[in-house]
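The shown structure was predicted, so the numbers you read here are calculated from the model rather than taken from an experiment. Protein chains get the first letters and strands the later ones, always in sequence-line order, with residue 1 at the start of each.
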2 protein chains.
Amino acid sequence: MKSFDTHTLLTAHGLRCTRPRVKVAELLFADGQDRHITAEWVADELGKMGEAVALATVYNTLNSFMEAGLLAQINGLEAGRYVFDTNTEPHHHFYNETTGCLTDMPPSALRFYKMPEAPAGTEIVDWQVVVRVR
Amino acid sequence: MKSFDTHTLLTAHGLRCTRPRVKVAELLFADGQDRHITAEWVADELGKMGEAVALATVYNTLNSFMEAGLLAQINGLEAGRYVFDTNTEPHHHFYNETTGCLTDMPPSALRFYKMPEAPAGTEIVDWQVVVRVR
DNA sequence: TATTCATATTAGAATAGTTCTAAATTGTCT
DNA sequence: AGACAATTTAGAACTATTCTAATATGAATA
Ligand SMILES: [Mn+2]
Ligand SMILES: [Mn+2]
Ligand SMILES: [Zn+2]
Ligand SMILES: [Zn+2]
């Protein structure tokens with residue numbers, strides 16, 4: 001009686017169903033909540049749960065999940081830090097430089113008058129706004 | 001007969017006038033052009049000019065220039081890399097993930113319908129859009 | 001179920017951009 | 001010139017992430 005089918009989620013996204021991936025998927029997706037996460041947080045959390053996964057594997061897993069479209073990457077925070085978002089819908093963030101707190105921006109907070117056009121010969125792959133606050 | 005007064009620029013911004021700062025300021029501001037620069041580029045360039053400055057000093061200098069308002073920092077590029085902009089006016093960028101090329105967005109490319117409001121108890125310090133292209 | 005093998009995991013080393021340390025130097029004020 | 005706080009510097013330290021290469025494992029096949 002599992003309410004959340006990790007095996008289906010992984011295989012449907014072309015990912016082999018391994019113990020580390022199952023544990024990470026359960027941690028991130030089982031309750032359907034939006035989360036902003038780092039590799040370190042995932043590794044710590046699994047450790048506390050007695051399901052330790054090597055940090056390198058956590059990185060591999062998060063990158064695989066991102067390539068598979070299960071996670072989005074948030075750019076524009078502290079240089080040198082990768083933060084992933086379980087909400088893969090395009091949306092924007094407030095980043096509190098003092099506390100490190102990252103919050104979703106209500107969709108109504110920002111509207112674009114005109115979408116930017118990519119320079120000749122290129123196409124837009126991603127764009128997101130990070131509003132830094134204090 | 002100097003067309004660009006580094007001494008005045010530095011002291012007017014509350015910075016002591018040292019050899020490294022004068023050399024960096026001349027390199028970055030003498031011709032009035034907009035530039036996107038890294039510490040490594042500055043150190044290399046000064047080295048080639050026979051005016052070597054220690055890399056740590058270049059970092060100190062760029063950070064001082066930024067605090068003094070002479071440079072802006074561009075967030076949202078590769079994690080772990082600081083890029084500064086001699087154009088301190090708020091503006092946005094295209095970032096080519098393949099080539100690493102960073103270009104200013106024409107002001108007309110993006111218009112905002114509504115400015116975002118910061119979460120309670122905070123104020124917006126900075127925001128910029130990086131549109132990633134390929 | 002047993003075999004197979006491409007794929008994934010892992011510990012530890014490597015990497016790279018940036019910051020730190022602490023001793024020597026230098027710019028500015030008097 | 002003298003005083004002293006600010007700055008420079010080489011090299012070490014730091015830190016988040018990736019790499020290496022040996023081992024383990026999932027899933028397809030027999
Ligand atoms: Mn989010
Ligand atoms: Mn620019
Ligand atoms: Zn499974
Ligand atoms: Zn001067």
- Separation of C:dT7 atom P from A:L10 atom CG, nearest Å, is 17 Å
- 5' priority, DNA chain D, between B:A54 and B:G14 [closest heavy atom]: B:G14
- Nearest-angstrom distance from the residue atom NZ of A:K23 to P of C:dA8: 19 Å
- Between A:N75 and A:Q73, a side-chain donor and acceptor under 3.5 Å: no
- Message: List the residues meeting ring-ring contact (aromatic ring centres under 6.0 Å, His included) with A:H93, not counting sequence neighbours, and say none if there are none.
- Response: A:H36, A:H91
- Note on the structure: B:L46 CG to D:dT9 P, in whole Å, measures 10 Å
- Query: Hey, is B:E45 close enough to B:K23 for a salt bridge, meaning N to O under 4.0 Å?
  - Reply: no
- A:T122 and side-chain contact (heavy atoms from CB on, under 4.5 Å): which partner among B:T103, B:V131, B:V133, B:T98? B:V133
- Message: Counting primed atoms plus P, OP1 and OP2 as sugar-phosphate and everything else as base, spell out the protein contacts along nucleotides 18-30 of chain D at 4.0 Å heavy-atom distance: B, S or - for each nucleotide, 5' to 3'.
- Response: BB-----BBS---
- Query: What's the CG-P distance between A:L62 and D:dA16, to the nearest Å?
  - Reply: 15 Å
- Take atom CG of A:L77 and atom P of D:dT17, then tell me their distance rounded to the nearest Å. 11 Å
- Query: Do B:Y95 and B:C101 touch side chain to side chain, with heavy atoms closer than 4.5 Å?
  - Reply: no
- Message: Which is more 5' along DNA chain C, the nucleotide nearest A:R21 or the one nearest B:V83? Just name the residue.
- Response: A:R21
- Message: Rounding to an integer number of Å, can you tell me how far B:D44 CG sits from C:dG17 C1'?
- Response: 14 Å
- Rounded to whole Å, the CG-P distance (A:N75 to D:dA16) equals 18 Å
- Note on the structure: When rounded to whole Å, the CD to P distance for the pair B:E51 and D:dT8 reads 14 Å
- Item | Electrostatic pair B:R81:B:E40 at N-O distance under 4.0 angstrom | yes
